[in-house]
Student: 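One structure follows; several queries about it will come next.
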Amino acid sequence: MACYVLQGLGDLPKWNLLGCLIALLLHVVVSEPLFYLTHRLFHKGYLFENYHSLHHSTVVPQSFTAGFATPLEHLVMCLVMGVPILGACLMGYGSLGLIYGYMLFFDFLRCMGHCNVEVFSHGMFEAIPFLRYLIYTPTYHILHHTEKDSNFCLFMPLFDLLGGTLNKKSWDLQKEISQGKNDEAPDFVFLAHAVDVISSLHVPFVFRTFASLPYSFRPFFLTLWPGAFFVMLAMWACSKTFLLSFYNLRGKLHQTWAVPRYGFQYFLPFTKDGINDLIELAILRADKIGVKVISLAALNKNEALNGGGTLFVDKHPNLRVRVVHGNTLTAAVILHEIPKDVKQVFLTGATSKLGRAIALYLCRNDIRVLMLTPSTERFQKIQKEAPPEHRHNLVHVTKYQAAQNCKTWIVGKWLSPREQRWAPPGTHFHQFVVPPIISFRSDCTYGKLAAMRLPNDVQGLGMCEYTMERGVVHACHAGGVVHFLEGWKHHEVGAIDVERIDVVWEAAKKHGLTPVSSS
């Protein structure tokens, strides 16, 4: 509208230094006090209850919170932002650089103030004390969101000082946070990794709302794919494990850390050492800060990669943190989903850690297990672990045709449509394969990955774990939680102890974790 009314704006030069200085002066003299006064008004009675309370309704502020407001507040913000730009233009010193530069810098500072991450070093304010009155910090503005009766300024705390609304805790808290003194060490860590480029967008610092829902593909993701792919390459070149999310359970802090690697990278032969180095550094960091249990997710405990975590425990025998793969509970969840009247199952991925444990457990319960594997040697090794009186329940098969009369398939290896067609109508596919198989058969049912719902007293769960509902986590994550809650002092790495499957299952139920139906 301004460009339409003021026709001369279309002929602005690219740059005018004097116009920038005039805009800066107008910002300090007009925009800052105007925002300060209107902001204080929006915190009173009717205006707060009917307008500004929306902005403060975000429990945990993030950068996008800066723009979360009502139309009336946006109009006021347009006025605050427009005075320096239009003032300089009307005086004849406007420029395209001023318009774009001022608006981008204005929005950047607003987003920075709401980002909930301290980005300024306190040493800068100690070296130049008056600087603390010229630029606010994320800590400074977060105090406004938590206490609501102080720190009203736009960007310059000087106006809070003049108005008597500067929170006395602002600088001590900023110093404490910038130096990391308020960091709380978690008691439990789940060490995850990205699945693929598209699903990597399912994180709270990209779209908090989307991350709070179970992951599903959205067409608009395709427009974001190039950026996500570039981030993947950047993390591959230079990155380290980072904090992804956190929650509280029974007064203890639980965190999810992410190894900056994607599913396909775990199968590249030249990436093995680099991934193990990242996992090892995360374990050593957890040990240093006092974490009690660290649970390895999905491919981070791949047998071919590190022997299910054995590599790290053997290399560092004095670890205080307990390294856990959580697969014992995963096996328990899958096994307890199998109907009581089943007498025969078909098992793919039969010689993997989970496959071995499932086969040995079922054969002890007189259930016939058709174990699909091309390796006679690996089958016989597992069969010898079974009690002699139950070994006949383990049957070696090498083709999918062997299961054409079996309606219970336990899938630990990805199945193509051609392989799935050997299943008879009415088959149910139980799964422990990542990623899950695609539901090609309309006459069969497909289970989801083994999962458990955390206890009802969990607090602060802001995101969903991949395709799970909020409050539901993968069984290996839940296995680590149970290990922590029980206070067990042993590591859980390498092969699954079949004798402990029922022990872990009962412990999970005791602590209020409940299985989620895979149907």
Side-chain angles (χ1 to χ4, degrees), residues 2 20-58 61-88 90 98-99 101-116 118-120 124-125 128-174 177:
C20 294
L21 295 176
I22 291 172
L24 178 61
L25 179 63
L26 289 173
H27 175 89
V28 174
V29 175
V30 181
S31 295
E32 286 283 348
L34 179 61
F35 178 87
Y36 176 79
L37 293 173
T38 54
H39 194 183
R40 290 195 65 174
L41 284 175
F42 272 111
H43 271 263
K44 295 185 182 297
Y46 180 85
L47 286 176
F48 184 80
E49 291 174 8
N50 295 278
Y51 292 92
H52 197 52
S53 58
L54 177 69
H55 179 72
H56 280 272
S57 65
T58 303
Q62 60 163 341
S63 294
F64 287 156
T65 307
F68 188 47
T70 58
L72 176 62
E73 292 170 281
H74 283 302
L75 288 172
V76 172
M77 191 59 68
C78 281
L79 180 61
V80 170
M81 183 187 289
V83 167
I85 296 175
L86 286 176
L90 291 173
L98 168 63
I99 294 174
Y102 180 81
M103 291 179 68
L104 288 171
F105 192 60
F106 190 99
D107 275 348
F108 170 79
L109 289 179
R110 292 251 302 147
C111 291
M112 181 202 72
H114 289 84
C115 74
N116 209 26
E118 187 51 67
V119 295
F120 288 103
M124 182 173 69
F125 297 112
I128 312 173
F130 190 69
L131 192 60
R132 66 183 61 181
Y133 299 114
L134 300 182
I135 184 68
Y136 76 162
T137 69
T139 303
Y140 186 92
H141 192 68
I142 293 304
L143 269 174
H144 169 74
H145 273 260
T146 55
E147 302 190 7
K148 299 183 180 68
D149 60 355
S150 59
N151 295 7
F152 293 97
C153 76
L154 179 56
F155 305 134
M156 298 176 66
L158 173 64
F159 291 91
D160 277 310
L161 179 67
L162 297 174
T165 55
L166 196 154
N167 194 308
K168 295 179 179 178
K169 295 184 291 185
S170 299
W171 308 116
D172 289 338
L173 184 60
Q174 196 274 338
I177 290 175

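These figures come from a predicted structure and were not determined experimentally.
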Student: Enumerate, atom names and distances included, each donor-acceptor pair closer than 3.5 Å involving a side-chain atom of residues 33-41, sequence neighbours excluded.
Tutor:
unit_1: Y36; atom_1: OH; unit_2: R40; atom_2: NH1; d: 3.1
unit_1: Y36; atom_1: OH; unit_2: T165; atom_2: OG1; d: 2.8
unit_1: T38; atom_1: OG1; unit_2: L34; atom_2: O; d: 2.9
unit_1: T38; atom_1: OG1; unit_2: F35; atom_2: O; d: 3.0
unit_1: H39; atom_1: ND1; unit_2: F152; atom_2: O; d: 2.8
unit_1: H39; atom_1: NE2; unit_2: H43; atom_2: NE2; d: 3.3
unit_1: H39; atom_1: NE2; unit_2: H52; atom_2: NE2; d: 3.3
unit_1: H39; atom_1: NE2; unit_2: H144; atom_2: NE2; d: 3.1

Student: Which atom pair, heavy atoms only, marks the closest approach of F120 to I135?
Tutor: CZ-CG1, 4.1 Å
Student: Grab the two heavy atoms, one from L54 and one from S57, that are nearest each other, plus how far apart they are.
Tutor: O-OG, 2.5 Å
Student: Could you tell me whether the side chain of Q62 and the main chain of C115 form a donor-acceptor pair under 3.5 Å?
Tutor: no
Student: Do the side-chain N and O atoms of D160 and S150 include a donor-acceptor pair separated by under 3.5 angstrom?
Tutor: no
Student: Check the side chains of T139 and E118 for a donor-acceptor pair under 3.5 angstrom, ignoring hydrogens and angles.
Tutor: yes
Student: Mark yes or no for whether S53, through its side chain, and F48, through its backbone, hold a donor-acceptor pair below 3.5 Å.
Tutor: yes
Student: Can you tell me if T70 and E73 form a side-chain donor-acceptor pair at under 3.5 Å?
Tutor: yes
Student: Mind listing the closest non-hydrogen atom pair of L26 and A88 along with its distance?
Tutor: CD1-N, 4.1 Å
Student: For a quick test of reading the model, state the closest non-hydrogen atom pair linking T137 to W171 and the distance between them.
Tutor: CG2-CZ3, 4.4 Å
Student: Any donor and acceptor pair, going by atom type alone, linking the side chain of Y140 with main-chain N or O of R132 inside 3.5 Å?
Tutor: no
Student: Looking only at heavy atoms, which two atoms of F159 and V28 are closest? And how far apart?
Tutor: CZ-O, 3.4 Å
